[in-house]
Amino acid sequence: MISTQAWADTRRLWDYHQMGHTLRPCSVAIGLGSHDLGVAETAVDLYKRGMAPLLVFTGATSPTTRARMPRGEAVHYRERALELGVPDAAVLVEPRARNTGENIRFSRALLEEAGVDVSSVLLISKPYEERRAYATARKLWPAVEIVSASSAMTLDEYVDSIGDARLVIDMLVGALQRLLVYPARGFMISQPVPNDVREAYDRLCHEGFTSRLLVTDHSSA
């Protein structure tokens with residue numbers, strides 16, 4: 001049973017993780033690999049709306065995607081994009097990345113090798129990964145403008161799509177922890193975390209939503 005307070009805290013984290021950027025046309029759209037094919041579908045929708053002339057899908061496999069996407073996340077994303085009518089020439093695949101930092105670094109290298117002039121990136125992720133993806137890209141690719149995007153879903157809709165409320169809360173908590181600890185490790189730029197978000201995070205940790213935490217101190221100290 002998930003308490004009313006835990007749901008309120010989860011909504012606070014959900015809202016914080018989304019950047020609220022206004023979409024605009026960019027040089028390229030990069031879809032970050034994951035278990036969620038909705039990232040590819042959102043990339044296709046934005047491509048068809050003229051928001052980017054080129055799609056890059058990035059991602060190898062992970063323990064959570066190996067069974068569902070045996071050919072690799074980026075490859076499955078590409079296949080979905082082609083099914084939805086994107087021409088083959090408009091899709092590049094980066095099949096090696098195993099974390100967000102590698103997603104950015106390897107996609108940047110791929111685009112440079114392809115001779116694509118990039119001044120802005122439409123960065124497409126899962127809804128609760130927008131801020132983490134943005135902070136990582138700003139650290140590793142500071143010369144380009146980053147516009148964050150994800151599927152337009154409410155928290156309730158996302159929970160329904162995953163089918164496991166506790167897992168979703170665990171993922172939101174894990175993403176927030178990384179925003180707290182990764183800047184000091186040089187993985188991303190620092191993002192201001194409002195007190196109410198930090199307090200919500202601490203309460204959720206105390207309630208045991210910790211399966212996606214790194215093995216490190218996650219207290220408010």
Side-chain angles (χ1 to χ4, degrees), residues 2 5-26 28-47 49 51-52 55 57-59 77 99-101 103-104 120-141 144-183 187-205 209 212-213:
I2 299 172
Q5 180 65 63
W7 275 118
D9 289 336
T10 300
R11 293 184 190 283
R12 193 165 285 110
L13 264 62
W14 175 265
D15 291 342
Y16 173 72
H17 281 308
Q18 297 185 54
M19 298 296 294
H21 287 169
T22 299
L23 297 180
R24 69 168 187 82
C26 292
V28 64
I30 299 178
L32 304 183
S34 72
H35 63 271
D36 187 354
L37 272 176
V39 173
E41 292 164 358
T42 297
V44 170
D45 176 63
L46 295 172
Y47 170 84
R49 288 163 57 188
M51 293 294 172
L55 303 179
F57 293 127
T58 168
Y77 277 20
N99 56 56
T100 306
N103 287 142
I104 303 303
S120 56
V121 172
L122 190 57
L123 193 59
I124 306 166
S125 64
K126 300 186 293 296
Y128 69 89
E129 290 281 9
E130 275 195 26
R131 189 173 294 273
R132 176 183 175 186
Y134 172 82
T136 303
R138 292 292 296 122
K139 177 70 175 183
L140 299 176
W141 206 351
V144 304
E145 181 180 357
I146 304 297
V147 179
S148 292
S150 65
S151 301
M153 304 177 75
T154 66
L155 172 61
D156 292 337
E157 289 169 340
Y158 192 75
V159 169
D160 287 345
S161 74
I162 298 299
D164 186 336
R166 290 196 67 90
L167 176 60
V168 170
I169 299 175
D170 284 352
M171 292 190 294
L172 267 66
V173 169
L176 197 285
Q177 183 206 30
R178 285 155 178 80
L179 286 166
L180 294 172
V181 304
Y182 275 1
F187 297 159
M188 62 175 63
I189 65 168
S190 179
Q191 294 280 281
V193 181
N195 287 338
D196 62 335
V197 174
R198 185 61 184 260
E199 290 165 359
Y201 163 79
D202 286 339
R203 282 192 295 266
L204 290 169
C205 287
F209 296 99
R212 293 304 178 97
L213 290 181

inquiry  = Could you tell me if Arg178 sits above the aromatic ring of Phe187, with its cationic atom closer than 6.0 Å to the ring centre and no more than 45 degrees from the axis?
reply    =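 No, cation not above the ring by the 6.0 Å, 45° rule.
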Side-chain donor/acceptor of [X] to backbone N/O of [Y], under 3.5 Å:
X: Gln177; Y: Leu213; result: no
X: Tyr77; Y: Ser34; result: yes
X: Glu157; Y: Thr154; result: yes
X: Arg11; Y: Leu155; result: no
X: His21; Y: Ser148; result: yes

Measure the shortest side-chain to side-chain distance between [X] and [Y] over non-hydrogen atoms and say whether it is less than 4.5 angstrom.
X: Tyr201; Y: Val193; answer: no
X: Arg131; Y: Leu179; answer: yes
X: Thr42; Y: Ser150; answer: no
X: Ile30; Y: Trp141; answer: yes
X: Leu172; Y: Leu176; answer: no
X: Ser120; Y: Arg24; answer: yes

ask   = Does a side-chain N-to-carboxylate-O contact under 4.0 Å join Asp9 and Arg203?
value =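 Here Asp9 pairs with Arg203 in a salt bridge, since their nearest N and O are under 4.0 Å apart.
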task = Mind running side-chain contact (heavy atoms from CB on, under 4.5 Å) on Met51 and Val147 for me, showing each step along the way?
result = CA-CA 11 Å; Met51 293 294 172; Val147 179; over 6 Å; no
Specify the closest pair of heavy atoms between [X] and [Y], including all atoms of both residues, with the distance to one decimal.
X: Ala43; Y: Leu55; result: O-CD2, 3.8 Å
X: Glu129; Y: Ala175; result: OE1-CB, 4.4 Å
X: Ile2; Y: Ala165; result: CD1-CB, 3.7 Å
X: Leu122; Y: Ala149; result: CD1-CB, 4.1 Å
X: Leu46; Y: Ile124; result: CD1-CD1, 3.8 Å
X: Tyr16; Y: Pro192; result: OH-O, 2.8 Å

query = Is atom CG of Asn195 surrounded by more than 12 heavy atoms (other residues, nucleotides or ligands) closer than 6.0 Å?
reply =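 No - once you tally the heavy atoms of other residues, nucleotides and ligands closer than 6.0 Å, there are 12 at most.
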task = With side-chain contact (heavy atoms from CB on, under 4.5 Å) as the test, would you mind laying out the steps for Arg212 and Leu167 before giving the verdict?
result = CA-CA 9 Å; Arg212 293 304 178 97; Leu167 176 60; 3.5 Å; yes
Gap between atom [atom2] of [Y] and atom [atom1] of [X] - 0.5 Å precision:
X: Arg166; Y: Thr10; atom1: CZ; atom2: OG1; result: 10.0 Å
X: Met153; Y: Gln18; atom1: CE; atom2: CD; result: 10.5 Å
X: Arg198; Y: Leu180; atom1: CZ; atom2: CG; result: 4.5 Å
X: Ile189; Y: Tyr182; atom1: CD1; atom2: OH; result: 16.0 Å
X: Arg138; Y: Leu123; atom1: CZ; atom2: CG; result: 11.5 Å

inquiry  = Assess the residue pair Asp196 and Arg12 against the criterion (side-chain contact (heavy atoms from CB on, under 4.5 Å)); give the C-alpha distance rounded to whole Å, side-chain angles, the decisive distance to 0.1 Å, and a yes or no.
reply    = CA-CA 8 Å; Asp196 62 335; Arg12 193 165 285 110; 3.4 Å; yes
request  = Give me the ring orientation class for Tyr128 and His17: parallel if the planes are under 30° apart, tilted from 30 to 60°, perpendicular past 60°.
outcome  =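 Correct class here is perpendicular.
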request  = Please assess Tyr158 against Asp36 for the test side-chain contact (heavy atoms from CB on, under 4.5 Å), listing each intermediate value before the final yes or no.
outcome  = CA-CA 11 Å; Tyr158 192 75; Asp36 187 354; 3.8 Å; yes
